[in-house]
There are 2 protein chains.
Amino acid sequence: MSNSTASEVATGAPDGAGHSSGSAHPAPHGDLWSVDEHLADILAAVRPLEPIELQLLDAQGCVLVDDVTVPLSLPPFDNSSMDGYAVRVADVAGAGEEFPAVLRVVGDVAAGSSGDITVGAGEAARIMTGAPLPEGAEAVVPVEWTDGGLGGGPVGSMAPRSNGSEQASGEVRVHRPAEAGAHVRARGSDVQAGERALAAGTVLGPPQIALLASIGCGAVRVRPRPRVVVLSTGSELTQPGEELPEGHIYDSNSFSLTAAARDAGAIAYRVGAVVDDAETLRSTIEDQLIRADLLVTTGGVSVGAYDVVKEALEHVSDEDEAGSGIEFRKLAMQPGKPQGFGSIGPDHTPLLALPGNPVSSYVSFELFVRPAIRALMGLQEVRRPTVRATLRADRALTSPAGRRQFLRGVMGEGTVSPVGGAGSHLVAALARADALIVVPEDTTRVEPGTELDVVLLG
Amino acid sequence: MSNSTASEVATGAPDGAGHSSGSAHPAPHGDLWSVDEHLADILAAVRPLEPIELQLLDAQGCVLVDDVTVPLSLPPFDNSSMDGYAVRVADVAGAGEEFPAVLRVVGDVAAGSSGDITVGAGEAARIMTGAPLPEGAEAVVPVEWTDGGLGGGPVGSMAPRSNGSEQASGEVRVHRPAEAGAHVRARGSDVQAGERALAAGTVLGPPQIALLASIGCGAVRVRPRPRVVVLSTGSELTQPGEELPEGHIYDSNSFSLTAAARDAGAIAYRVGAVVDDAETLRSTIEDQLIRADLLVTTGGVSVGAYDVVKEALEHVSDEDEAGSGIEFRKLAMQPGKPQGFGSIGPDHTPLLALPGNPVSSYVSFELFVRPAIRALMGLQEVRRPTVRATLRADRALTSPAGRRQFLRGVMGEGTVSPVGGAGSHLVAALARADALIVVPEDTTRVEPGTELDVVLLG
């Protein structure tokens, strides 16, 4: 991406032109990029991962790469949909409660048996659900329409074979007639060989896995889940569970973004609290490249003297091959103004550098990282669903001009209510939110009752 | 649950009273239980799992057992929300573009530093985002409002400290005034020590994990994910990827239900294609008990001679302790009429025995197993959401009297369209569905345009 020289920043020279420092090309509108432009740049650069063959259950949630054609018709043979007796239609045509048809039982067809029984005139074969319809038979009468071969009235069930009470010989009385094909699932009535079972691009959930297994497909070519390494940076970060030194805060971003990456479908690895030292950060990132399809950092992307992510990664394009490099930008959004994006390392692994504030980083994840993860998976729908909702609030919302503001909200019936304020540190409010209220760039005030876009986080 | 004797079934005696065979108490309405009665019985018997303490990221998606109280206020100290200079309000009161306030820089406050700097009259301290506000300072002026200590006009950023261009001494020119508290995040403005951070029963998603990490909580007591063992039964079942012998079909239930159990939040284990032999099934189930919080079987629950699940498990209550036992029922539903439920083994592990047909077993899973899994997790919302939708179809739907029918459907805008027919073997149609259309028991015909309940599978 960027080809900027590090010297521009290293000298601390004022960027009087107002361009995002470290950027090779200027922002389209003054010194700020829009949320949509930034996302479009990310999605233009992130390609779906190369397909791999996975066992069926390992492919759950993944995207199918090829159309899957049905190799054999389902069901693969005419079979019974009931436990009962396989009969010829003519033999049971006049059967009734008082005058049952009496048929000679010639054998027993269990599910899984091969077709060595033939049903002739005046004959019946005991048959179980799923068992192949024997040669000569045209319909199945459920066991409840018969005496079960016991010589009495209609029965409720068959006796278990393993109890030794075989009913697969002798006579059976059938009390009702049956039409041709009754209680028979015809070969190919579910799918026909040669049909397309699933289209390329299908996401494999339980029903799709059921279909693939049914047609004998034990492994499939899919896009794998992306491996995402989440690194939080900051010398002030202490791990939860440890004692908090003066001036420190607990590291929360590495936890929340790892959880969010898993939620988005990724295999995520957490690297907590890299200290604010450019060399340490660079070598940590290099170490992590081996297990990363995507790198996400938090913190150190702003304009401060200790913003080591920016410092460390703006140098990358000088040392590495063409095509690598991280560009740092200011976006017309709140929270989440400073953002970095580009690629790094010999494989040009994509990297997103998010701001360090917990709410800013979470909102940035939702807007930029989640779509990137889903693009890597080959999904078509990479964004969260957005709906319209009516603002329900005690007073008007205010928003800075020229910024798209994302406020935490709770959904009601067609309404949304803000929780907490606009302050980007209100992680307690974030934990109660199930939506992001979007206040457009050109809107500085939103009265209660106004309809707005809302991003659903559920 | 059930105390039925096996002999009732073993003799194959007609159950003239019309009761579900193997049941100790009669069905409330003739010989059929309703869907709601069966689910109520399951939910009355399934208790949430015992809580365990898990590391934060291992608790993702789990339910919090106790209220969590905030041990320390957040932020834990007044800190800067910008990179800039910490100042006294009086010193910058009259500052403007032409006549900047000139302050002596007394030091550098990085995030994570402890408070050893004091800002006196006429002084400023360089300060980074998140760094504690030094003693004496009342506000922060962003670096963009200053000359960055370089003696020129306003700057866009600070020079990285590691480049050696220290700006933490000398003078800084401030071009704009600041009110008290400007760009300062006050201690406790997010949460106060002693407040309730999260209530018992909260599901831990990424934002809740962010909050817990922020307050230093590295491990939490939650209900664990249930371990679910899925066993498919049937001598006719062949594993996908292998060659299909005559009369056989591929095992799909063990795959689809394992995937569905994972989707519901469980840790699921697949045991494929146990042969139709009661002794083999019993010993397989005994072997699996050690890793199961819930057992799910498919197949062998109907009225056939080879229905070994029923045969094997109806004996259990005779041999084991009181409280164990599986009851087999017929439900007033289609598909999914035959169902078994109870508990087994020394720990009274719950077991659901589903019918073997792929669509029947999947629909049964959605209606009964998924709620059981979610009840084990301690979730309040155990059912899939149900919405009203208008039937969009070329012709009327028909449904058997006295059965609640579940048809596969695809949702539109407030509408639902059926896919495939009512046949319970249409797994290809299931793979295209995202909803179950519910036709009530007393409805035998539904005209296009009618409003219906629809269970959303998404």
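Remember, predicted model here, so these are calculated numbers, not experimental data. Every chain is numbered from 1, with letters handed out A, B, ... down the list of sequences.
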Query raised in the report: Got A:Leu430 and B:Leu211 here, is their nearest side-chain heavy-atom distance under 4.5 Å?
Result: no

Requested in this report: For chain A, find which of B:Pro132, B:Ser214, B:Gly218, B:Ser81 contributes the most heavy-atom pairs closer than 4.5 angstrom.
Outcome: B:Ser214

Query raised in the report: In terms of heavy-atom proximity below 4.5 Å to chain A, should B:Leu257 be classed as side chain, backbone, both, or neither?
Result: neither

Query raised in the report: Considering only heavy atoms from C-beta outward, does the side chain of B:Leu72 approach that of A:Tyr250 to under 4.5 Å?
Result: yes

Report summary line: Max heavy-atom pairs within cutoff under 4.5 Å with chain A, candidates B:Gly216, B:Ser252, B:Ala197, goes to B:Gly216

Query raised in the report: Looking at side-chain heavy atoms only, is the closest gap between B:Ile249 and A:Pro76 below 4.5 Å?
Result: yes

Query raised in the report: Would you say A:Asn357 and B:Arg185 make side-chain contact, with heavy atoms under 4.5 Å?
Result: yes

Query - Gap separating the OG atom of B:Ser113 from the NE2 atom of A:His248, nearest 0.5 angstrom - result: 8.5 Å

Query raised in the report: What part of A:Ala111 gets closer than 4.5 Å to chain B, counting heavy atoms only: side chain, backbone, both or neither?
Result: both

Report task. Check whether A:Asp251 gets within reach of chain B through its side chain, its backbone, both or neither, counting any heavy atom under 4.5 Å. Result -> backbone

Query raised in the report: So which heavy atom on B:Val427 is nearest to which on A:Leu74, and how close?
Result: CG1-CD1, 4.4 Å

Query raised in the report: Non-hydrogen atoms of chain B under 4.5 Å away: do they reach the side chain of A:Leu198, the backbone, both or neither?
Result: side chain

Query raised in the report: Is it the backbone or the side chain of B:Phe255 that comes under 4.5 Å from a heavy atom of chain A, or both, or neither?
Result: both

Requested in this report: Please state whether the side chain, the backbone, both or neither of A:Gln208 comes within less than 4.5 Å of a heavy atom of chain B.
Outcome: both

Report summary line: Looking only at B:Ser254, B:Pro142, B:Gly241, B:Pro245, the option with the highest number of non-hydrogen pairs under 4.5 Å against chain A is B:Gly241

Query raised in the report: Passes side-chain contact (heavy atoms from CB on, under 4.5 Å), B:Asp263 versus A:Gln60? Steps please.
Result: CA-CA 9 Å; B:Asp263 209 51; A:Gln60 185 172 2; 4.1 Å; yes

Query raised in the report: What option among A:Val191, A:Ile209, A:Leu57, A:Leu56 has the most heavy-atom pairs under 4.5 Å with chain B?
Result: A:Leu57

Report summary line: Under 4.5 Å to a heavy atom of chain B? For A:Phe77 that would be side chain

